[in-house]
Amino acid sequence: MSSEDVQSLAGFREFFPAEFALRQHIFAAWRRVAARYGFVEYDGPPLEPLELYTRKSGEEIVGQLYSFTDRGGREVALRPEMTPSFARMISARAGGLPKPIRWFSIPQLFRFERPQRGRLREHFQLNMDIVGESDPLADAEIIAAALDALRELGLDETHIVARVSDRRLVSAILTAEGVSDDRHLAVYAVLDKADRETPEWLSERLEAATIEEGTRARLLELPTLGLEEVRLRYARDEAILAAADSLDLVLSHLGSAGFGDYARFDAGLVRGLAYYTGTVFEIWERSGDLRAVCGGGRYDDLLASLGGVDLPALGFGMGDVVLAELLRDLELAPDATLEIDDFIVCVSDDQRGTALAVGAALRRQDRRVIYDLRERGVGRQFKTANQLGAARAIVVGPDDVARGVVVTKDMSSGDTGEIELGELLDGPDE
RNA sequence: GUGGGCGUAGCUCAGUCGGUUAGAGCGCCAGGUUGUGGCCCUGGAGGUCGCGGGUUCGAAUCCCGUCGCUCACCCCA
């Protein structure tokens with residue numbers, strides 16, 4: 001059986017050079033931005049004990065675990081998210097690290113689920129987290145970093161928007177509306193669909209959650225309200241005002257940092273993960289054709305609940321699959337071809353030694369150099385140089401070498417010149 | 001997990017009332033000769049028509065299954 005008979009697994013990608021170029025383009029942008037915000041990179045094991053996830057992760061994630069029994073009989077799982085590993089690593093070192101801690105990672109994550117557009121069984125996800133700071137300034141910082149990571153790739157406020165909310169605010173509003181705690185999750189689920197479903201459908205769902213008719217109408221208005229309207233409507237509720245103040249600070253800081261047009265309050269935003277305790281946000285493409293590009297929030301209780309240090313924390317995850325599709329759709333994906341600087345034309349094998357020395361010298365100058373790997377006609381070599389898009393051809397022929405030079409030719413203008421061999425081979429710069 | 005659409009050369013696709021060695025464009029390779037490319041000309045390689053089974057004298061074309069892709073649902077990273 002040849003290797004071609006065995007297909008790659010469903011939901012797993014093969015990165016041919018064009019795809020790999022886009023992936024590296026994205027990773028490089030992420031790393032540049034992370035560095036600018038003072039984040040240091042870490043990584044954990046791709047394979048973890050199954051119980052790391054079954055113990056504390058949500059039901060949904062457990063149901064999609066890519067798990068199996070290893071040859072030693074141990075139940076293991078490919079990591080579906082980074083947070084548990086991150087929590088363990090942070091807990092091991094947090095005591096000795098200055099706070100706040102700023103760490104980022106680009107793990108490959110896995111889950112066993114039906115692949116579809118923007119969602120595979122494997123993806124890379126930028127994770128950025130801040131640990132040890134509860135001030136709203138940290139919330140603004142992490143959201144700014146997320147937006148910057150996208151802006152670095154050419155996306156601006158016309159392409160993307162961050163929807164920002166706060167679990168405490170929405171929770172306080174529900175309580176003020178007389179919705180008991182045990183029904184909050186059901187209401188969140190409905191609000192989350194506010195922009196995708198009809199009012200009738202939403203109302204029916206609220207009715208099913210035993211919400212009274214008058215309250216239903218008021219709840220369904222929430223996603224359309226601005227922060228000021230919320231403040232006015234619930235002006236006498238201390239808990240709501242306090243949460244609104246906090247959120248206001250986050251948005252205000254974002255504005256000062258230059259992201260005012262990128263972020264807006266949206267009470268309809270309710271992130272799926274249950275461990276968020278405060279600020280939550282998602283970044284969406286404006287058209288809404290694709291899903292969220294990024295999601296995150298504050299999870300002040302998670303580290304302690306995982307048995308680690310008791311420190312406030314917040315962060316986000318940004319996947320590469322949807323992002324890559326978005327960049328391609330907007331024609332922001334880079335040209336995958338490697339730009340060749342010099343193509344060395346070796347007139348005959350008699351000059352081969354000189355040609356190789358010239359190539360080595362140019363490569364020491366960090367130029368991208370290619371030449372034919374067998375003897376071929378000069379015309380053929382120029383054709384190849386042109387085909388490869390080389391910026392310059394360097395002809396190494398008997399007449400030139402006898403004069404102690406090589407001939408250069410700019411491939412786009414056709415202009416020719418000469419370089420002294422002696423200068424090139426033992427130039428002053430090396 | 002549920003339902004719909006699709007699956008022919010590296011790429012984009014033609015090719016069905018089932019009928020001789022399955023085509024085009026682009027790309028790739030080699031020539032158009034021995035010191036100069038982009039155009040052009042000529043030639044060539046490359047497909048068990050996703051895979052398996054069935055119907056038929058005969059299937060890329062019809063039927064079933066399967067795998068993959070894709071869209072929607074579900075749900076989320």
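Every chain is numbered from 1 and lettered A, B, ... according to where its sequence line falls, protein lines coming before strand lines.
- Toward the 5′ end of RNA chain B lies the nearest nucleotide of A:G11, the other residue of the pair A:G11 and A:R121 mapping further downstream.
- When the C1' atom of B:rC76 is taken as reference, atom CG of A:L109 falls 13 Å away, rounded to whole Å.
- One can place CE of A:M318 at 17 Å from C1' of B:rC76, the figure rounded to the nearest angstrom.
- Between B:rG50 and B:rU8, the two P atoms lie 6 Å apart (nearest whole Å).
- One can place CZ of A:F110 at 17 Å from C1' of B:rC76, the figure rounded to the nearest angstrom.
- B:rG7 and B:rG15 are spaced 11 Å apart, taking the P atom of each and rounding to whole Å.
- At distances below 3.5 Å, at least one donor-acceptor pair connects side-chain atoms of A:R363 with backbone N or O atoms of A:V369.
- If you measure from atom CG of A:L120 to atom P of B:rC76, you get 18 Å, rounded to the nearest angstrom.
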What is the per-nucleotide protein-contact pattern of nucleotides 34-42 of chain B, from the 5' end, where B denotes a base atom under 4.0 Å from a protein heavy atom, S denotes such proximity for sugar-phosphate atoms only, and - denotes neither? -BBBB-B--

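- With sequence neighbours excluded, the residues satisfying side chain to side chain contact (heavy atoms under 4.5 Å, CB included) with A:S413 are A:D410, A:D415.
- Comparing the P positions of B:rG18 and B:rC39 gives an interatomic distance of 44 Å, to the nearest angstrom.
- Among the protein residues, A:R79 comes within range of no part of the nucleic acid, since none of its heavy atoms lies under 4.0 Å from any strand.
- Sorted by first and then second residue, the salt bridge (charged side-chain N to carboxylate O under 4.0 Å, His left out) pairs with a member in residues 383-399 of chain A read A:D342-A:R392; sequence neighbours excluded.
- Remark: A:F110 pairs with no residue by the ring pair (Phe, Tyr, Trp, His ring centres under 6.0 Å) rule, at least two apart or across chains.
- Looking at residues two or more places apart in sequence or on another chain, you find a ring pair (Phe, Tyr, Trp, His ring centres under 6.0 Å) between A:F27 and A:W30, A:F124.
- Formation of a donor-acceptor pair under 3.5 Å by the A:Q125 side chain with backbone atoms of A:E81 is not found in this model.
- Remark: the separation of the P atoms in B:rA72 and B:rC29 is 40 Å, to the nearest Å.
- Between A:L65 atom CG and B:rC75 atom P there is a gap of 19 Å when expressed in whole angstrom units.
- The salt bridge (charged side-chain N to carboxylate O under 4.0 Å, His left out) analysis of residues 34-49 of chain A, with sequence neighbours excluded, yields the pairs A:R31-A:E41, A:R36-A:E152, A:D43-A:R79, A:E48-A:R88.
- No side-chain donor-acceptor contact under 3.5 Å links A:R102 to the backbone of A:G38.
- Listed by residue number, the members of residues 25-50 of chain A with any heavy atom below 4.0 angstrom from RNA chain B form an empty set.
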Quick one: the dot-bracket string of RNA chain B, using Watson-Crick and G-U wobble pairs with both distances under 3.5 Å, [ ] for crossing pairs and | for bases paired to another strand. (((((((..((((.....[...)))).(((((.......))))).....(((((..]....))))))))))))....

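- Distance CD (A:E325) to P (B:rC69): 13 Å, rounded to an integer number of Å.
- Partners of A:Y42 by ring pair (Phe, Tyr, Trp, His ring centres under 6.0 Å), not counting sequence neighbours, listed by chain and number: A:F86, A:W103.
- Under the side chain to side chain contact (heavy atoms under 4.5 Å, CB included) criterion, A:L137 pairs with A:D135, A:H253, sequence neighbours left out.
- Of the C1' atoms belonging to B:rA22 and B:rU48, the separation is 12 Å, rounded to the nearest Å.
- Listed by chain and residue number, A:E221 satisfy the side chain to side chain contact (heavy atoms under 4.5 Å, CB included) test with A:T224 (two or more places apart in sequence, or in another chain).
- The separation of B:rG27 from B:rG44, taken at their C1' atoms, amounts to 14 Å, rounded to a whole angstrom.
- On the P atoms, B:rA59 is 32 Å away from B:rU70, given to the nearest whole Å.
- Atom C1' of B:rU56 sits at a distance of 12 Å from the matching atom of B:rC63, rounded to the whole Å.
- Not counting sequence neighbours, the partners of A:Y299 by the ring pair (Phe, Tyr, Trp, His ring centres under 6.0 Å) test are A:Y275.
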